[in-house]
Amino acid sequence: MTRLTRRTPPMAPGIVHLGPGAFFRAFVAPYTADAVAAHGGDWGITAVSLQSPRARDQLGPQGGAYTSVTMGPEGEEARVIEVIQDVLVAPEDPHAVQQALVAPETKIVTLTITEKGYRVPDLSDDDWPRTAIGLLVTALGERWRLGRRPITILSCDNLPDNGAATKAACLALARRLDETFAQWVADNIRFPSCMVDRITPATTQADLDRLEAQLGYRDEALVLHEPFRQWVIEDNFAGPRPAWEAGGAQFVRSVGAHEAMKLRCLNGTHSALAYLGYLGGHEAISDAVADPVYAGLCRYLWDEEILPSLDPPEGEDLPAYTAALLGRYQNPAIRHRTWQIAMDGSQKLPQRILGTIADNLAAGRPIAGLALVVAGWMRYVGGVDEAGADIDVRDPMAAALRAAHTGDPVANLLTIEAVFEPALAGDARFRAAVATAYDTIVTHGARAAIEDLI
Ligand code: CS2
């Protein structure tokens with residue numbers, strides 16, 4: 001079968017993107033294609049892989065072209081996206097990456113590097129220039145020395161205040177290098193926050209084979225995603241930007257309320273379904289919510305514990321938002337594995353679950369449901385499922401999490417300050433709720449523990 005190849009001429013580059021995985025291909029790139037289709041502009045994307053050569057091996061032979069497949073309950077729709085102009089692999093060619101970041105035509109750097117990608121590297125670590133923050137700050141230093149125009153760095157990861165978090169990480173490193181430079185970064189580089197949303201499961205080999213038969217060509221870089229997408233962006237750019245509103249992006253003064261709604265309602269229940277669903281034997285989100293107990297868990301968490309913690313963002317109706325979310329989870333065409341969402345829980349729990357718990361405790365509201373999610377995570381990271389089989393726990397802290405499973409795992413895990421703030425970990429109501437939930441899961445199983453709750 002023939003391989004997909006690019007049909008349109010190259011576009012002049014304007015964006016460098018770090019982390020060209022499935023979410024980028026299902027989200028930032030299609031929005032950019034919409035912007036260019038509607039309003040033109042030199043917004044070709046230079047994609048940079050920070051670790052593996054996979055994206056380059058997939059996209060390179062296709063000239064950067066790939067297919068974005070919308071998977072709806074009523075069928076599929078394929079669209080070829082051709083905004084990626086080049087794919088670089090940072091460990092292989094750090095010089096080319098720096099050149100792209102420093103190039104005068106680069107106006108925006110977009111990031112999908114996952115929660116753990118924002119770590120501030122240690123200068124005593126030889127590897128620091130190869131981390132995401134190291135690459136960015138090195139390039140900003142070069143732009144500063146050369147008097148190049150300021151750029152915008154747009155984080156598209158699921159972190160609260162992702163712009164401020166990126167700025168803080170870059171400034172922390174820049175200050176260690178040169179105070180004057182750090183001040184230039186603070187004064188000139190813009191770091192807008194944004195809320196991103198589109199459910200995008202990892203593409204499997206079986207997906208590639210099935211779509212090849214349907215499309216009539218082979219596409220190694222293809223991505224599958226749900227029809228829904230939402231991008232709310234703080235209107236804070238250092239220079240020109242693509243007309244992403246052509247694809248429906250909203251530009252607003254402040255995205256905090258949107259971010260909290262999405263992280264707590266969607267990602268919070270996603271993590272709940274990931275840990276408790278995996279333990280209950282559910283492979284995918286759609287399988288879990290087909291079980292009334294797990295759908296009931298989502299409704300319980302939203303109605304009793306999450307919505308009361310939120311200020312509704314302008315233009316959003318929270319009960320309608322969560323009702324639509326359940327519909328999105330039920331989409332049978334999307335097989336989003338609980339195991340995939342369970343990854344990196346130590347990096348995800350604080351903004352998805354623990355902040356809501358802290359707010360509820362402060363306001364005297366209930367926390368039993370969210371405490372059950374924390375207990376589900378604790379049970380999961382022990383690395384053994386309810387049938388006694390090993391769980392492949394993927395987490396930067398996996399070894400420490402596993403090691404905590406001797407004696408009193410709940411008490412041990414609560415001492416990990418990178419996950420649990422001491423004030424929360426020390427709250428007797430929280431400790432008791434998590435300990436009770438953990439015992440119920442261990443004794444009766446995750447599903448029975450949910451039935452008990454709802
Ligand atoms: C998921 C998210 O993998 C995960 O942790 O919760 O990737 C989720 O699918 C997206 O945030 C949806 O926008």
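Both counts, for ligands and for their atoms, begin at 1 and track the order of listing.
Both tests pass for R328 against the ring of F228: distance under 6.0 Å to the centre and angle within 45° of the axis. Cation-pi geometry between R198 and Y31 is not met: the NZ or CZ atom fails to fall both under 6.0 Å from the ring centre and inside 45° of the normal.
Salt-bridge check for R365 with D359: failed, with every basic side-chain N at 4.0 Å or more from each acidic carboxylate O. Salt bridge R218/D209: present, at least one basic N to carboxylate O contact under 4.0 Å.
Per-residue contacts place D197 under 4.0 angstrom from the following atoms of ligand 1 (heavy atoms of the residue considered): 12 (C), 13 (O). For ligand 1, the atoms closer than 4.0 angstrom to any heavy atom of K348 are 3 (O), 4 (C), 5 (O). Heavy-atom proximity to H336, at under 4.0 Å, picks out these atoms of ligand 1: 9 (O). For ligand 1, the atoms closer than 4.0 angstrom to any heavy atom of K262 are 10 (C), 11 (O), 12 (C), 13 (O).
If you take OG1 on T67 and CG on L211, they are separated by 7.5 Å, rounding to the nearest 0.5 Å.
If you check which protein heavy atom lies closest to atom 2 (C) of ligand 1, you get N267 ND2, 3.5 Å.
When non-hydrogen atoms are compared, ligand 1 lies under 4.0 Å from the side chain of N158 (C-beta onward) but not from its backbone. Residue-level proximity to ligand 1 for R352 is carried by the side chain, the only part with a heavy atom below 4.0 angstrom.
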(message) What verdict does the ring-ring contact (aromatic ring centres under 6.0 Å, His included) test give for H336 and Y329, after you've listed the backbone C-alpha separation in whole Å, the side-chain angles of each residue and the deciding distance to 0.1 Å?
(response) CA-CA 9 Å; H336 202 184; Y329 293 174; 9.0 Å; no

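No heavy atom of M343 sits closer than 4.0 Å to any atom of ligand 1.
Checked by distance only, ligand 1 and H270 come closer than 3.5 Å through their nitrogen or oxygen atoms.
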